[in-house]
Amino acid sequence: MSTDYWVPGEDRFEKARPKAARPAEVFKTTGSLKAGAEQIDYGYLPLAHTSGDIYVFFRTSNVLAVGDVASPVRDPALDYFTGGWIGGRVDAMDIILKLANDQTRIVPGFGPVMTRAEFKAERDMMEEVRARLWKQVREGEGPKEMLESGVLNKLPRTWKDPYKFLYDAARGLWAHHSKLDPNVV
């Protein structure tokens, strides 16, 4: 937020935010606070969508705000340029699932409130996509070959821009190549 940065998908630079528009406090951990009777827990979700994702859990109300870690109606966004990747997304979704119970209302950045079961279904689908992409990236395929091979077929959702999703997912996987396996081609 304090430096200009390149937005590859839009072929432009984004100007740094003015100092008054930047957070006064940052964290990469978990914490809690009280606001009246409400217990509020929060935590860092590393590399889920970007490098700065968090959750905010209004524990008393049993409402969990997760931002773009959940994408019930939009294509999942994986900002590989800032460190977001599909493996980080699945890991973050696992953290959310550990916090939630069957009565928890999960609030995405955009779209309808989700149940734990709906969120788990999205997480399981993302894990399936991650496993499929992992294999294809290890074999040296790019997003075009992945799309042509049907890597996103027979899943419980469709993508508005499957090529962009696969491009971002593949770039993120390559950025985290050390987690792929020693036999990457």
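Just so you know, these numbers use all the heavy atoms, side chains as well, and skip hydrogens, waters and symmetry mates. The first residue in the sequence is number 1, and the count goes up from there.
Val113 approaches Glu118 most closely through the heavy-atom pair O-OE1, 4.0 Å. In this structure, Ala48 and Leu78 approach most closely via the heavy-atom pair O-CD2, 3.9 Å. Residue Gln39 comes nearest to Thr60 through the heavy atom pair N-OG1, 2.9 Å, listed as atom of the first residue, atom of the second, then distance. Minimum heavy-atom separation, Pro76 to Met126: CG-SD, 3.9 Å.
Judged as a salt bridge (charged side-chain N to carboxylate O under 4.0 Å, His left out), and not counting sequence neighbours, the contacts of Asp124 are Lys120. Scanning for salt bridge (charged side-chain N to carboxylate O under 4.0 Å, His left out) contacts around Glu127 gives Arg130, with sequence neighbours left out.
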For residues 102-111, dump all side-chain donor-acceptor pairs below 3.5 Å to protein atoms at least two apart in sequence or in another chain.
{"from": "Thr104", "atom 1": "OG1", "to": "Asn62", "atom 2": "OD1", "distance (Å)": "2.7"}
{"from": "Thr104", "atom 1": "OG1", "to": "Asn62", "atom 2": "ND2", "distance (Å)": "3.4"}
{"from": "Thr104", "atom 1": "OG1", "to": "Asn101", "atom 2": "N", "distance (Å)": "2.8"}
{"from": "Thr104", "atom 1": "OG1", "to": "Asn101", "atom 2": "O", "distance (Å)": "3.3"}
{"from": "Thr104", "atom 1": "OG1", "to": "Asn101", "atom 2": "OD1", "distance (Å)": "3.2"}
{"from": "Arg105", "atom 1": "NH2", "to": "Ser61", "atom 2": "O", "distance (Å)": "2.9"}

Identify each donor-acceptor pair in which a side-chain atom of residues 8-22 lies under 3.5 Å from a protein atom, sequence neighbours left out, and give them as a table.
{"from": "Glu10", "atom 1": "OE1", "to": "Arg12", "atom 2": "NE", "distance (Å)": "2.5"}
{"from": "Glu10", "atom 1": "OE1", "to": "Arg12", "atom 2": "NH2", "distance (Å)": "2.7"}
{"from": "Arg12", "atom 1": "NH1", "to": "Glu14", "atom 2": "OE1", "distance (Å)": "2.6"}
{"from": "Arg12", "atom 1": "NH2", "to": "Glu14", "atom 2": "OE1", "distance (Å)": "3.1"}
{"from": "Arg22", "atom 1": "NE", "to": "Arg17", "atom 2": "O", "distance (Å)": "3.0"}
{"from": "Arg22", "atom 1": "NH2", "to": "Arg17", "atom 2": "O", "distance (Å)": "3.0"}

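Grouping the Ile, Leu, Val, Met, Phe, Trp and Tyr side chains by contacts below 4.5 angstrom, directly or via other members, places Trp85 with Ile95. Note: the hydrophobic cluster containing Tyr44 does not contain Leu64 (ILVMFWY, side chain heavy atoms under 4.5 Å, direct or indirect links).
A donor-acceptor contact shorter than 3.5 Å links the side chain of Glu145 to the backbone of Gly142. His49 places a side-chain N or O within 3.5 Å of a backbone atom of Ala77 that can act as its donor or acceptor partner. A donor-acceptor pair is defined here as one N or O able to donate and one able to accept, closer than 3.5 Å; no such pair exists between the side chain of Arg123 and the backbone of Met93. Tyr80 places no side-chain N or O within 3.5 Å of a backbone atom of Thr50 that could act as its donor or acceptor partner.
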Problem - Trace of the side-chain contact (heavy atoms from CB on, under 4.5 Å) decision for Phe119 with Leu97 - result: CA-CA 8 Å; Phe119 186 83; Leu97 286 170; 3.7 Å; yes

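Each of Thr30, Thr29, Leu33 was checked for a side chain to side chain contact (heavy atoms under 4.5 Å, CB included) with Tyr42, and the lone residue meeting it is Leu33.
With salt bridges taken as basic N to acidic carboxylate O contacts below 4.0 Å, one links Arg89 and Glu122. Between Glu38 and Lys34 there is no salt bridge, since no side-chain nitrogen of the basic residue lies less than 4.0 Å from a carboxylate oxygen of the acidic one.
Residue pairs meeting the salt bridge (charged side-chain N to carboxylate O under 4.0 Å, His left out) criterion with at least one member in residues 42-63, sequence neighbours excluded, are Asp41-Arg59. For the side-chain hydrogen bond (donor to acceptor under 3.5 Å, both in side chains) condition, the pairs that include at least one residue of residues 151-168, sequence neighbours left out, are Lys164-Asp168, Tyr167-Arg171.
Separation of atoms CD (Glu141) and OG (Ser149) is listed at 5.5 Å; rounding is to 0.5 Å.
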